[in-house]
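Residue numbers begin at 1 in each chain, while the letters A, B, ... track the order of the sequences.
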Number of protein chains: 4
Amino acid sequence: MFSIDTRVRIPIYEQLYKRVLELVVKGILKENEQLPAVRVLAKDIGINPNTVQKAYQELERDGIIFSQPGKGSYIASIDTVVDIAHKKAINAFTDAAIDALDSGISKDDLHKVIDDISLK
Amino acid sequence: MFSIDTRVRIPIYEQLYKRVLELVVKGILKENEQLPAVRVLAKDIGINPNTVQKAYQELERDGIIFSQPGKGSYIASIDTVVDIAHKKAINAFTDAAIDALDSGISKDDLHKVIDDISLK
Amino acid sequence: MFSIDTRVRIPIYEQLYKRVLELVVKGILKENEQLPAVRVLAKDIGINPNTVQKAYQELERDGIIFSQPGKGSYIASIDTVVDIAHKKAINAFTDAAIDALDSGISKDDLHKVIDDISLK
Amino acid sequence: MFSIDTRVRIPIYEQLYKRVLELVVKGILKENEQLPAVRVLAKDIGINPNTVQKAYQELERDGIIFSQPGKGSYIASIDTVVDIAHKKAINAFTDAAIDALDSGISKDDLHKVIDDISLK
DNA sequence: GTGGTCTAGACCACG
DNA sequence: GTGGTCTAGACCACG
């Protein structure tokens with residue numbers, strides 16, 4: 001569920017950050033649901049607790065989760081999370097689209113790319 | 001012409017790589033045109049020669065430029081370069097689009113984003 | 001009446017401590033009035049009895065309440081309590097004011113902030 | 001210059017954060033000025049490099065400094081920094097003032113406290 | 001040399 | 001048991 005990929009060059013804590021966002025957007029993690037404890041998750045996926053904590057802390061400062069010292073970490077308002085996820089995705093998409101247009105690809109071609117994506 | 005931005009988190013050699021591609025796609029760098037010598041360019045834009053070297057090496061590895069030992073580095077076939085640039089842009093764009101759709105944004109919204117981009 | 005907020009980063013026992021002070025200052029808790037028993041209050045507001053115990057201990061240590069073993073805990077002399085509350089508030093206020101002046105904010109601006117506060 | 005106090009219960013990285021803000025506000029650190037390298041500062045004040053890095057990273061995400069991996073860390077726009085420092089100070093001051101008024105202290109008394117503060 | 005990531009392991013406050 | 005802080009120390013990419 002929280003699997004990360006150590007082969008890839010994306011920092012582990014960043015993969016974890018994105019994974020939480022994804023799980024919320026897909027409705028697998030619900031509002032106020034408790035996340036695994038830092039040490040538990042670290043053990044589960046075989047990484048250091050400090051790395052999990054770094055991910056959790058970034059999630060917290062972005063308003064995606066909230067942590068209660070001594071109690072645990074919980075998913076914040078789903079609306080906020082979905083909003084953040086969409087903004088991040090739209091920004092990345094817009095940048096890539098500008099780059100593509102900038103390199104001479106036509107808008108038509110980009111429209112086609114989108115239509116050709118089949119989601120599993 | 002080869003200006004780079006050290007404030008940004010993207011490695012300088014990568015910025016330089018992209019800039020060469022961009023200059024070719026825009027027709028500013030022509031086929032077989034010679035690139036500035038490593039040390040000259042490094043001095044011009046105030047960066048380490050090793051960094052320019054690395055950018056040139058990656059450009060050569062990807063068939064975008066070719067080097068003649070003792071003479072200099074030159075832009076390879078424009079068609080090849082444009083092809084590579086397009087492939088890279090399409091790949092990045094596709095990835096961003098999948099991510100966006102994955103996060104629940106509709107294809108319609110993505111189409112709109114593309115149509116709303118006004119290129120300068 | 002003794003409601004606390006677990007979402008906030010302030011320790012629960014500290015919130016409880018402040019709340020008692022507040023209730024006394026506002027005249028809701030009277031001199032010699034008995035406080036709820038530790039276990040009762042803990043159950044009422046859904047927190048750990050140890051936490052209530054800690055708050056009560058600190059309140060007693062500071063002379064705000066007094067405990068009669070086997071009987072219960074009671075509000076000490078109102079004058080004393082109000083005095084303590086004022087001292088704490090003035091100290092915190094003075095520290096914040098020094099910090100503000102220290103950071104270059106003018107005394108005039110601080111005076112304005114005070115005048116602009118409308119109490120509900 | 002960057003001295004921290006280990007006796008106090010405020011986290012070291014937080015003390016360091018505040019100290020940088022203070023040095024900028026007082027004009028001791030100038031715009032674009034380079035901060036000591038993480039490892040150098042850590043050695044200087046006798047703490048772990050990770051702790052210094054945590055302070056620097058928080059400073060960066062708040063727009064107070066900017067770090068260039070491989071180059072160093074620098075003070076961001078002074079205006080931004082002063083703005084942030086003032087906002088933090090005003091917020092803390094306002095909270096303390098509300099608390100004080102709430103506990104029954106008069107506005108007049110608060111005005112007097114401010115006038116009585118003599119800055120060194 | 002510089003910042004960034006990660007591990008291993010310790011201790012603390014709070015509940 | 002839980003998150004938060006901190007140390008010691010390693011390795012990496014970039015320049």
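- OP1 and OP2 of E:dT2 both lie 4.0 Å or more from every side-chain N or O belonging to D:Gln68.
- Relative ring orientation between D:Tyr74 and D:Phe66 is described as parallel, the plane-to-plane angle staying below 30° on a 0-90° scale split at 30° and 60°.
- B:Tyr17 and B:Asp62 share a donor-acceptor pair across their side chains, judged by distance under 3.5 Å alone.
- Going from atom CD1 of B:Ile4 over to atom P of F:dC14 covers 14 Å, rounded to whole Å.
- For the pair A:Pro36 and D:Pro69, both in contact range of DNA chain F, the more 5′-proximal nearest nucleotide belongs to A:Pro36.
- Pair assignment for E:dT5 gives F:dA10, based on Watson-Crick or G-U wobble hydrogen-bonding distances that are each under 3.5 Å.
- Distances shown here put a side-chain N or O of D:Thr51 below 4.0 Å from the OP1 or OP2 atom of F:dT7.
- For the pair D:Glu58 CD and F:dT5 C1', the interatomic distance rounds to 12 Å; values are reported in whole Å.
- Summary of the strand contacts: A:Glu14 and C:Glu14 both lie near DNA chain E, and taking for each the nucleotide with the nearest heavy atom, the more 5' one is attributed to A:Glu14.
- Residue D:Ile12 is classed as a sugar-phosphate contact, given heavy-atom separations below 4.0 Å to backbone atoms only.
- Between the CG atom of A:Asn50 and the P atom of F:dA10 there is a distance of 17 Å, rounded to whole Å.
- Within the structure, a side-chain polar atom (N or O) of A:Ser73 is placed less than 4.0 Å from OP1 or OP2 of F:dG3.
- Rounded to an integer number of Å, the gap from D:Arg61 CZ to E:dG3 P is 19 Å.
- Among B:Val8, B:Ile10, B:Ile4, the single residue meeting the side-chain contact (heavy atoms from CB on, under 4.5 Å) criterion with B:Thr6 is B:Ile4.
- At a threshold of 4.0 angstrom between heavy atoms, the contacts of D:Arg9 with the nucleic acid are absent.
- C:Asn48 comes within 4.0 angstrom of the backbone, heavy atoms only, and of no base.
- Contact of A:Arg39 with F:dG3 (side chain to base): a donor-acceptor pair of N or O atoms is detected under 3.5 Å.
- Backbone-only contact: A:Gln57 has heavy atoms under 4.0 Å from sugar-phosphate atoms and none from a base.
- Residues A:Phe2 and A:Leu35 meet the side-chain proximity criterion, which asks for heavy atoms closer than 4.5 Å.
- Atom OH in B:Tyr17 sits about 14 Å away from atom P in F:dC14, given to the nearest Å.
- Distance A:Gln53 CD to E:dA10 C1': 14 Å, rounded to the nearest Å.
- Heavy atoms of A:Tyr13 sit under 4.0 angstrom from primed sugar atoms or phosphate atoms, though from no base atom.
- Toward the 5' end of DNA chain F, the nearer of the two residues B:Ile47 and D:Pro11, judged by each one's closest nucleotide, is D:Pro11.
- A straight line from CZ of D:Phe66 to P of E:dT2 spans 16 Å, rounded to a whole angstrom.
- Going from atom CD1 of D:Ile10 over to atom C1' of F:dC6 covers 16 Å, rounded to whole Å.
- Within the structure, every side-chain polar atom (N or O) of D:Lys54 is placed at least 4.0 Å from both OP1 and OP2 of F:dC6.
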Given the rule in the side-chain contact (heavy atoms from CB on, under 4.5 Å) test, do D:Ile78 and D:Lys30 qualify, once you have shown the distances and angles that lead to the verdict?
CA-CA 7 Å; D:Ile78 294 286; D:Lys30 318 281 186 194; 5.5 Å; no
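- Considering only the side chain of A:Ser67, F:dG3 comes nearest among F:dG15, E:dG3, F:dG3.
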